[in-house]
Visitor: 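The structure is given below, and queries will be raised subsequently.
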Amino acid sequence: MQHWEHATDDLHAAEDEVRQQINKRLTLNLLIQGAASHTFLTAHHLVKDELEAIRPGLTRLYDRLAVSGHLSYWIGDGPMLYGLPSRFWRRTHLPAHPFHRHPLLAKYGGELSREAKRHLVARAWTKWVVTIPVIHYPQLLWLLARVSLTERGHVPQLAQLAKRATSMIWNIDEERLEAEFTTDVAFGHLPTPKTAVGRLTQNAAIGYGGVERRGEQFKVIAKAWNWPLVVHELTKGAAELVCLHGLSTLDDEMYDIVTDEADQIEYEVWMLQAGPEMWRRLLAVLPTGRPLPEVLMHIARLEPQPLERLMLAVIEDPARARRLLTKLG
């Protein structure tokens, strides 16, 4: 009997370790998607002069597309495919919910999503972007078409500017960045979706970003329809490259288990809703004078429970979170 009890305890401990690592990866994915979404909304202002030299008014056009495109997760085609965000986040207390056992998302996912939407709606009013659901989607399609026509003939210059903006944010050599404007966005090893919604999401994707090994070097790859999306995917890849430091201690079996569960494409829409506000709150408490990639690397290297405590502190006690971040590394 005693031997059986010890075996049961060991099994529970192993399951708990797997769950903690999955939760850690979900948290890192939240930050990665949040960073990408924040950049999607703001990066064009870093190279505004160069964009305006290519085509006057391009910065404002990107402003409008970014706000409208991101709002679609709440009032566009997103709810038609995934269901109402409010309903999804209200149900985190249910055991069957995908984030039920993730302390941060279960408790604050809905709040972060609502704040992100409020942030977008406030920006929309200043950018002449429609926020009425039925009218919003036609305007988004019009903005996509207009951006496509405006970018025609300028793709090489725009690709270089996308890499420059990403390099400025992430302090990464432009030579390690690849940016391609295309409608054929899939590349690399794509995880197999587990649901019909996931398969539809993968087939309908208008951008992909990630990290690929080329010889002895990792490169950040982005393929997407237009400039804001290319920068979004470059940032996602750059943040993923930094966060790989947080997975380097896992053996191959554990890595496969964790990423198979946490990196499901079905989760991306929810990460894109909650992530931006989480990222903005993290930026608000970052220590001054330290490069963003360095701080994110140290965050990614934390063990699951310290990472959990830090992220909860970012929301619940920003002053404490700032102290914890100052001590990192």
Side-chain angles (χ1 to χ4, degrees), residues 25 28-44 46-47 62 65-66 69-70 144 147-148 151 154-193 198 201-248 255-256 258-260 262-269 271-272 275 279 292-293 296-297 300:
R25 178 61 177 173
L28 295 180
N29 285 346
L30 181 71
L31 296 179
I32 291 168
Q33 295 288 359
S37 298
H38 182 73
T39 304
F40 180 62
L41 292 170
T42 58
H44 42 280
L46 291 175
V47 289
Y62 285 162
L65 175 64
H70 203 60
L144 282 167
V147 165
S148 178
E151 290 181 339
H154 305 292
V155 166
Q157 305 99 299
L158 290 170
Q160 192 59 44
L161 280 179
K163 293 193 289 185
R164 186 180 307 169
T166 307
S167 177
M168 292 167 65
I169 298 168
W170 292 97
N171 193 27
I172 183 173
D173 290 340
E174 290 183 36
E175 293 180 355
R176 298 185 67 183
L177 304 174
E178 291 187 9
E180 183 178 349
F181 289 60
T182 177
T183 56
D184 183 18
V185 298
F187 70 93
H189 174 68
L190 299 178
T192 302
T201 302
Q202 192 173 83
N203 292 333
I206 59 176
Y208 272 108
V211 178
E212 281 196 345
R213 192 180 189 95
R214 302 284 177 81
E216 295 300 315
Q217 190 179 59
F218 286 106
K219 301 202 84 170
V220 174
I221 316 295
K223 294 186 176 186
W225 285 17
N226 53 53
W227 197 90
L229 286 169
V230 166
V231 177
H232 176 280
E233 299 300 338
L234 282 175
T235 291
K236 191 161 66 174
E240 170 68 18
L241 183 61
V242 174
C243 288
L244 285 176
H245 290 278
L247 300 176
S248 60
Y255 178 89
D256 289 340
V258 169
T259 55
D260 181 66
D263 293 0
Q264 296 183 49
I265 194 171
E266 290 87 344
Y267 296 167
E268 189 165 312
V269 64
M271 297 293 183
L272 287 166
W279 185 251
L292 173 61
L296 182 59
M297 178 187 69

Visitor: If we only count heavy atoms from C-beta on, is the Leu158 to Val230 side-chain gap below 4.5 Å?
Guide: no
Visitor: Between Leu296 and Cys243, is a side chain to side chain contact (heavy atoms under 4.5 Å, CB included) present by the stated rule, with each step listed?
Guide: CA-CA 7 Å; Leu296 182 59; Cys243 288; 4.1 Å; yes
Visitor: Can you tell me if Arg176 uses its side chain to pair, donor with acceptor, with the backbone of Val220 under 3.5 Å?
Guide: no
Visitor: Shortest non-hydrogen contact from Thr166 to Ala238?
Guide: CG2-CB, 4.5 Å
Visitor: If you apply the rule side chain to side chain donor-acceptor pair (under 3.5 Å), what do you find for Gln33 with Tyr267, and how did you get there?
Guide: CA-CA 11 Å; Gln33 295 288 359; Tyr267 296 167; over 6 Å; no
Visitor: How about Gln264 and Asn29: do any of their side-chain heavy atoms sit closer than 4.5 Å?
Guide: no
Visitor: Quick one, Asn226 and Leu65 - any side-chain contact, counting heavy atoms below 4.5 Å?
Guide: yes
Visitor: Which residue in the set Glu180, Glu233, Glu212, Glu178 passes salt bridge (Lys or Arg N to Asp or Glu O under 4.0 Å) when paired with Lys223?
Guide: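 Of the listed options, the one satisfying the test is Glu180.
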Visitor: Please check if the side chain of Ser248 supplies one atom and the backbone of His245 the other of a donor-acceptor pair under 3.5 Å.
Guide: yes
Visitor: Where do Val185 and Ala205 come nearest, in terms of heavy atoms and distance?
Guide: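 Smallest interatomic distance, heavy atoms only, reads CG2-O, 3.5 Å.
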Visitor: Less than 4.0 angstrom from a charged side-chain N to a carboxylate O is my criterion; do Arg25 and Glu240 meet it?
Guide: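 Salt bridge present between Arg25 and Glu240.
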Visitor: Quick check: closest heavy atoms across Thr235 and Trp170, and the distance to 0.1 Å?
Guide: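 Minimum heavy-atom separation between Thr235 and Trp170: CG2-NE1, 3.5 Å.
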Visitor: Calculate, to the nearest 0.5 Å, the distance between atoms CG and NE2 belonging to Leu31 and His38 respectively.
Guide: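 So the CG of Leu31 and the NE2 of His38 are separated by 13.0 Å.
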Visitor: Please report the shortest heavy-atom distance between Glu266 and Gly198, naming the atom on each side.
Guide: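 So the minimum-distance heavy-atom pair works out to OE2-CA, 3.5 Å.
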Visitor: Look only at the side chain of Arg213 and the backbone of Gly215, and say whether a donor-acceptor pair between them is shorter than 3.5 Å.
Guide: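 It does hold such a pair.
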Visitor: Please name the pair of heavy atoms, one in Leu241 and one in Val211, separated by the smallest distance, quoted to 0.1 Å.
Guide: N-CG2, 3.8 Å
Visitor: Classify the ring geometry between Trp227 and Tyr62 as parallel (under 30°), tilted (30 to 60°) or perpendicular (over 60°).
Guide: parallel
Visitor: Looking at CD1 of Ile265 and CE of Met271, how far apart are the two atoms once the value is rounded to the nearest 0.5 Å?
Guide: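 Taking CD1 in Ile265 and CE in Met271, the distance rounds to 13.0 Å.
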Visitor: Within the distance-only criterion (no hydrogens, no angle test), does the side chain of His70 pair as donor or acceptor with the backbone N or O of Leu272 below 3.5 angstrom?
Guide: yes
Visitor: For the pair Lys163 (side chain) and Glu175 (backbone), establish whether a donor and an acceptor sit closer than 3.5 Å, ignoring hydrogens and angles.
Guide: no
Visitor: If you compare all heavy atoms of Gln202 against all heavy atoms of Tyr208, which two are closest, and at what distance to 0.1 Å?
Guide: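 Here Gln202 and Tyr208 meet closest at CG-OH, 3.1 Å.
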Visitor: Measure the OG1-CD1 distance between Thr42 and Ile169 for me, rounded to the nearest 0.5 Å.
Guide: 6.0 Å
Visitor: Within this structure, what is the CD1-CG distance for the pair Ile221 and Leu177, rounded to the nearest 0.5 Å?
Guide: 8.5 Å
Visitor: With a 3.5 Å distance limit and no angle check, can you tell me whether Ser148 reaches the backbone of Leu144 through a side-chain donor-acceptor pair?
Guide: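 A pair under 3.5 Å: no.
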Visitor: Taking everything shown except Asp184 itself, do over 12 heavy atoms lie less than 6.0 Å from its CG?
Guide: no
Visitor: Using a cut-off of 6.0 Å, state whether more than 12 heavy atoms not belonging to Asn171 lie near its atom CG.
Guide: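 No.
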